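Note sheet for the following structure.
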Amino acid sequence: MDIFIKNIVDLLKAEIPLSEEEIKGLIEIPPDLKMGDFAFPCFAVAKQLKNNPGKISAELAQKLPISDSITDIKSQGPYLNFYVSKEMIFKTVLDEIFTESDFYGSSDSGAGKTAVIDYSSPNIAKHLAVHHLRSAVIGNAIYNLYKTIGYKCVGINHLGDWGTQFGQLIVAFKRWGPDLKGQDSIKETGLDISKLNELYVRFHKEAKDNPSLEDEARDWFRKLEGGNEEAIETWQYFKDISLSEFERVYEKLGIKFDSYAGESFYNNMLNDTVKRIKDAGLSEVSEEALIVNLEEYDMPPCILRKKDDASLYATRDICAAEYRKREYNFDKMIYVVGSEQRLHFKQLFKVLELMGYEWMSDCIHVDFGLVKFKQGKMSTREGKVVLLEELLVESCKIAEEIIDGKNADLENKAEVANDVGIGAIIFSELSTKRVKDVMFDWNEILNFDGETGPYVQYTHARLCSVLRKCGGTVTNEVDYDVFKEDDELLLVKKLESFPLTIIRSAQNCEPSILSKYLLDLCSTFNRFYQHHRILIDDTELKMARILLVDSIRQVIKNGLSILGLKAPERM
RNA sequence: GCGCCAGUAGCUCAGCUGGAUAGAGCAUCAGAUUUCUAAUCUGAGGGUCGGAGGUUCGAAUCCUCCCUGGCGUACCA
């Protein structure tokens, strides 16, 4: 399509006092097919030409020559509308998709560069709940997007496996946990994540009446950081229990990480980091804590060490950033973390800047809105959560029931039910812009009609079905001149914008751009499918439509795969 | 109090760097299946784009103020 734009620019630059770049920037796509394929708004040059836009447009329409590629130029009010050769559009686009297949949409703008993506990063010793879904799913999609535009990606699950809360858990475990029979290790206690959760909730309940528990907890965390054997053994046990559960859920979601280096991983590097900050003269002691004063940047201080000398998450994040730069030498580091931590990241980036790290400008906080209940914010502390695994199981169950009702003989029913059930959940997380807070609603997230993952998957299955029935031979050796329907033109134009959609989606770290695109493509196809037959007697038209169908199938498949959804061929 | 983010149809949301008539889905109602999967499609109703100013040929989009909601605001993450 760039070819057409270049042609138009070439035509215009002779008549208009603007540079090629300026003209190119002004060219837009008209809202309706009737208005042509490209448009140039003449407002922009009205002043310079001392004429009104309508007249300029009318004069240009008369003056400019048409050609094989630009088949018509019309003036419509202040707009100059260009009509390009439909045959060339179809040929260019469908040929490209046919040739590139699984790689259609990929580009190499990130070739040779590395992106580190920090996502999911839950606190251990708790179940994964529905509010953990967003970071994981968004991060995974961003990982795939960057990979698609050529980056080497490193996915990091920065586990929250360190901090005062583990002091709290140890206290709770010692007070109310299972009795140790003296022999063997604590691994014999049969603790699971639910029991850990109960201990956590109980701690916060009891600490309200008995604040000394908090002191006790801080003391245990200090011991943990100091390497106390009992503390470490208990903590490691908690971590093992948690990870086995997490991995099961990630597996279901199809989400992977290249590294599980969590907060604890940096424990023995913390001193060096703090020393560097001290030596740079950035830190000071205030109210017994070691801080970096950020007053002149209108921010509260970044606390490096509490008054009892224990570290905080900010300390560990600074340390982790340094480590990742050393280890991966990233060109971009993306933190997929909720928007309630905005200030934290602002402080973190400021401290990195003050430390003299120019690469801090490569770090971005990709934030997202809260998941809320009607009753208010979810809180693990109060035990008010919907478990993620429970949601996934429920969704797959519903998917299976629907299949039983529609396509009971489906061969790999369980597998497809799983793909669709999980797909529904993932897609619903990715279909609105990140910044929006979302209200958790069972009915909404388990809806399989309308703008949903199953809708996209269903459309894909339909396309596959048509291709099966046509005998399976798809060729790009077709007569591109047989496409006459508006719906076909809309489809091919939509297909053409796929690579650009991916780039925009990646650059904005906004998977919803791609989700919306897929919904739009599917709805355009379903409309076409309803009104026009594909498997018809007219062989020329049939072969051309089959190529179009196959191209749509390919783009949906590529898009779903980036978002982290499976594309079943039957459902 | 201060800071950040959001406010578009009854509900959930699109609307690219300002551009042609503000669009979908859900829900409601009315339709479409001897024909490629009805998890689909067609149609109807439904809007002071939170409010008021301003910039501009032109504003849902940019600026200012106000209202409402969410989040954050030194030893949690």
Side-chain angles (χ1 to χ4, degrees), chain A residues 25-26 28-32 35 39 41 43-44 46-47 52-53 76-79 81 121-123 160 162-165 168 218 263 286-291 294 298-308 310 312-314 316-317 337-344 346 367 369-370 372 377 381 399 402-403 405-407 420 424 428 431-433 435-439 441 443-444 447-452 454-459 461-470 497 500-501 504 508 512-513 516 519-520 522-523 526-536 545 549 570-571:
Chain A
L26 285 168
E28 52 190 73
I29 313 279
D32 193 294
M35 301 172 180
F43 315 102
K47 266 187 191 158
N52 75 61
Q76 192 164 344
Y79 286 91
N81 292 335
S121 310
N123 291 330
W162 209 242
T164 318
Q165 50 172 328
Q168 296 168 347
R218 272 190 284 272
E263 296 190 57
S286 168
E287 297 173 29
E288 294 175 77
L290 184 69
I291 66 160
L294 298 173
D298 292 317
M299 285 186 267
C302 176
I303 301 173
L304 301 171
R305 293 232 183 255
K306 301 194 275 193
K307 62 184 169 196
D308 65 3
L312 282 100
Y313 71 128
R316 301 188 283 270
D317 268 358
V337 180
S339 53
E340 69 272 20
Q341 292 199 37
R342 272 184 112 115
L343 177 60
H344 165 67
K346 238 178 108 183
D367 62 341
L370 241 53
K372 291 183 295 187
K377 191 180 167 177
R381 292 192 180 184
I402 295 176
I403 294 172
K406 294 173 187 289
N407 198 356
V420 174
S428 90
S431 58
T432 67
K433 287 199 301 190
V435 291
K436 299 268 182 186
D437 284 348
V438 291
M439 188 73 86
D441 182 336
N443 292 331
E444 208 170 298
N447 178 26
F448 288 25
D449 298 328
E451 297 178 324
T452 64
Y455 174 74
V456 179
Q457 290 171 318
Y458 173 74
T459 308
R462 263 185 157 178
L463 288 153
C464 288
S465 174
V466 173
L467 291 166
R468 273 196 304 273
K469 298 215 160 130
C470 84
S497 63
L500 199 63
T501 301
R504 260 209 322 135
N508 295 301
S512 71
I513 294 175
K516 290 287 177 200
L519 288 172
D520 199 16
C522 289
S523 123
N526 281 318
R527 190 169 58 241
F528 171 78
Y529 182 85
Q530 195 75 20
H531 300 295
H532 305 283
R533 290 195 55 79
I534 295 150
L535 305 177
I536 46 177
R545 283 189 172 165
V549 162
R570 299 173 204 253
M571 63 186 267

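From a predicted model like this one, the values you see are computed outputs, not experimental measurements. Below, chain A is the first sequence line, B the second, and so on; all start at residue 1.
- The separation between A:N123 atom CG and B:C76 atom C1' is 9 Å, rounded to whole Å.
- Comparing B:A20, B:U37, B:G25 by their closest approach to the side chain of A:A461 singles out B:U37.
- Within the 4.0 angstrom heavy-atom criterion, no nucleotide atom of any strand lies near A:Q457.
- Taking OG of A:S465 as the start and NZ of A:K469 as the end, the distance is 4.0 Å to the nearest 0.5 Å.
- A:K307 comes within 4.0 angstrom of a base, heavy atoms only.
- Side-chain proximity of A:T164 to the nucleotides B:U35, B:A74, B:C76 is greatest for B:C76.
- Base engagement by A:N81 is indicated by at least one non-hydrogen atom pair under 4.0 Å involving a base atom.
- Residue A:P30 is in base contact, counting any heavy-atom pair closer than 4.0 Å across all strands shown.
- Across all strands shown, A:T432 has heavy atoms under 4.0 Å from sugar-phosphate atoms exclusively, and none from any base.
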Item to complete: Take A:R462 and A:N526, measure what side chain to side chain contact (heavy atoms under 4.5 Å, CB included) needs, and give me the verdict at the end.
Response: CA-CA 9 Å; A:R462 263 185 157 178; A:N526 281 318; 2.8 Å; yes
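- Side-chain contact between A:F448 and A:Q457: absent, with no pair of heavy atoms (C-beta onward) separated by less than 4.5 Å.
- B:U55 sits 22 Å from B:C16 when the C1' atoms are compared, rounded to a whole Å.
- Distance, A:R468 CZ to B:U37 P: 8 Å, rounded to whole Å.
- Across all strands, A:P31 comes closer than 4.0 Å to base atoms (heavy-atom distances).
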Is there a side chain to side chain contact (heavy atoms under 4.5 Å, CB included) between A:I534 and A:Y529? Walk through the geometry before answering.
CA-CA 8 Å; A:I534 295 150; A:Y529 182 85; 4.1 Å; yes
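- Contact between the side-chain N/O atoms of A:K433 and the OP1/OP2 oxygens of B:G15 is found at a separation under 4.0 Å.
- Along RNA chain B, the nucleotide nearest to A:R218 and the one nearest to A:S339 differ in position, and the one closer to the 5' end is contacted by A:S339.
- Residue A:N526 contributes atom CG, which lies 18 Å from atom P of B:U33 at whole-angstrom precision.
- For the OP1/OP2 pair of B:C41 and a distance below 4.0 Å, the side-chain nitrogens and oxygens of A:Y455 include at least one atom meeting the criterion.
- Between B:G10 and B:U73, the distance separating the two P atoms is 36 Å to the nearest Å.
- When heavy atoms are screened at a 4.0 angstrom cut-off, A:R316 is found touching the sugar-phosphate backbone but no base atom.
- A:A39 comes within 4.0 angstrom of a base, heavy atoms only.
- Listed candidates were B:U37, B:C13, B:A20. Nearest to the side chain of A:V466 is B:U37.
- When the nucleotides B:C26, B:A77, B:C13 are ranked by their closest atom to the side chain of A:K436, B:C13 comes out on top.
- Rounded to the nearest Å, the gap between the C1' atom of B:U33 and that of B:U42 is 13 Å.
- Residue side chain A:S512 does not reach the base of B:A14 through any donor-acceptor N/O pair under 3.5 Å, judged by distance alone.
- In terms of position on RNA chain B, the residue among A:L26 and A:I403 whose nearest nucleotide sits closer to the 5' end is A:L26.
- Rounded to whole angstrom, the span from the CG atom of A:L343 across to the P atom of B:A77 amounts to 15 Å.
- Put simply, the side chain of A:T459 gets close to the backbone of A:Y455: a donor and an acceptor are under 3.5 Å apart.
- Note on A:V549: nothing from the nucleic acid sits closer than 4.0 angstrom, heavy atoms only.
- Taking the side chain as every heavy atom from C-beta outward, A:E444 and A:S428 never approach each other to under 4.5 Å.
- A heavy-atom distance below 4.5 Å is found between the side chains of A:C302 and A:L294.
- Between A:M299 and A:L343, the closest side-chain pair of non-hydrogen atoms falls below 4.5 Å.
- When distances run from any side-chain atom of A:D437 to the nucleotides B:A20, B:C36, B:G70, the shortest one goes to B:G70.
- B:C71 and B:C57: their P atoms are spaced 43 Å apart (whole Å).
- The backbone N or O of A:R533 lies less than 3.5 Å from a partner atom in the side chain of A:R545, making a donor-acceptor pair.
- Atom pair A:L294:CG and B:C4:C1' shows a separation of 16 Å (rounding to whole Å applied).
- Among the heavy atoms of the strands, none lies under 4.0 Å from A:M299.
- Within 4.0 Å of A:G163, counting heavy atoms only, lie sugar-phosphate atoms of the nucleic acid but no base atom.
- Relative to the side chain of A:I303, the nucleotides B:C13, B:C36, B:A74 differ in distance, and B:A74 lies closest.
- Taking atom P on both B:C36 and B:U21, the two are 41 Å apart, rounded to the nearest angstrom.
- Atoms CD and CG, on A:Q165 and A:N123 in that order, are 4.5 Å from each other to the nearest 0.5 Å.
- Separating the C1' atom of B:G54 from that of B:A9 is a span of 28 Å, rounded to the nearest Å.
- For B:G18 and B:C13, the C1' atoms lie 22 Å apart once the distance is rounded to whole Å.
- Across the protein-nucleic acid pair, A:I29 atom CD1 and B:U17 atom P stand 15 Å apart, rounded to whole Å.
- B:G15 and B:A77 have their P atoms separated by 36 Å, with the value rounded to a whole Å.
- Scanning RNA chain B for stems, defined as runs of 3 or more consecutive Watson-Crick or G-U wobble pairs whose donor-acceptor distances all fall under 3.5 Å, gives the following ranges: B:1-7 with B:67-73, B:10-13 with B:23-26, B:28-32 with B:40-44, B:50-54 with B:62-66.
- A heavy-atom distance below 4.5 Å is not found between the side chains of A:H344 and A:V337.
- For the pair A:R570 CZ and B:C36 C1', the computed distance is 14 Å after rounding to whole Å.
- Counting only heavy atoms from C-beta on, A:K372 has its side chain closest to B:G70 among B:A14, B:G25, B:G70.
- Counting non-hydrogen atoms under 4.0 angstrom, A:R527 reaches the backbone sugars and phosphates but no base.
- Spacing between atom CD1 of A:I536 and atom P of B:U35 amounts to 18 Å, rounded to whole angstrom units.
- Between A:R504 and the phosphate of B:U17, there is no side-chain N or O to OP1/OP2 separation shorter than 4.0 Å.
- Taking side-chain N and O atoms only, A:K469 has a distance below 4.0 Å to OP1 or OP2 of B:U37.
- Across all strands, A:E288 comes closer than 4.0 Å to no nucleic acid atom at all (heavy-atom distances).
- To the nearest 0.5 Å, atoms CE (A:M35) and CD (A:E28) are separated by 11.0 Å.
- At the heavy-atom level, A:H344 lies nowhere under 4.0 Å from the strands shown.
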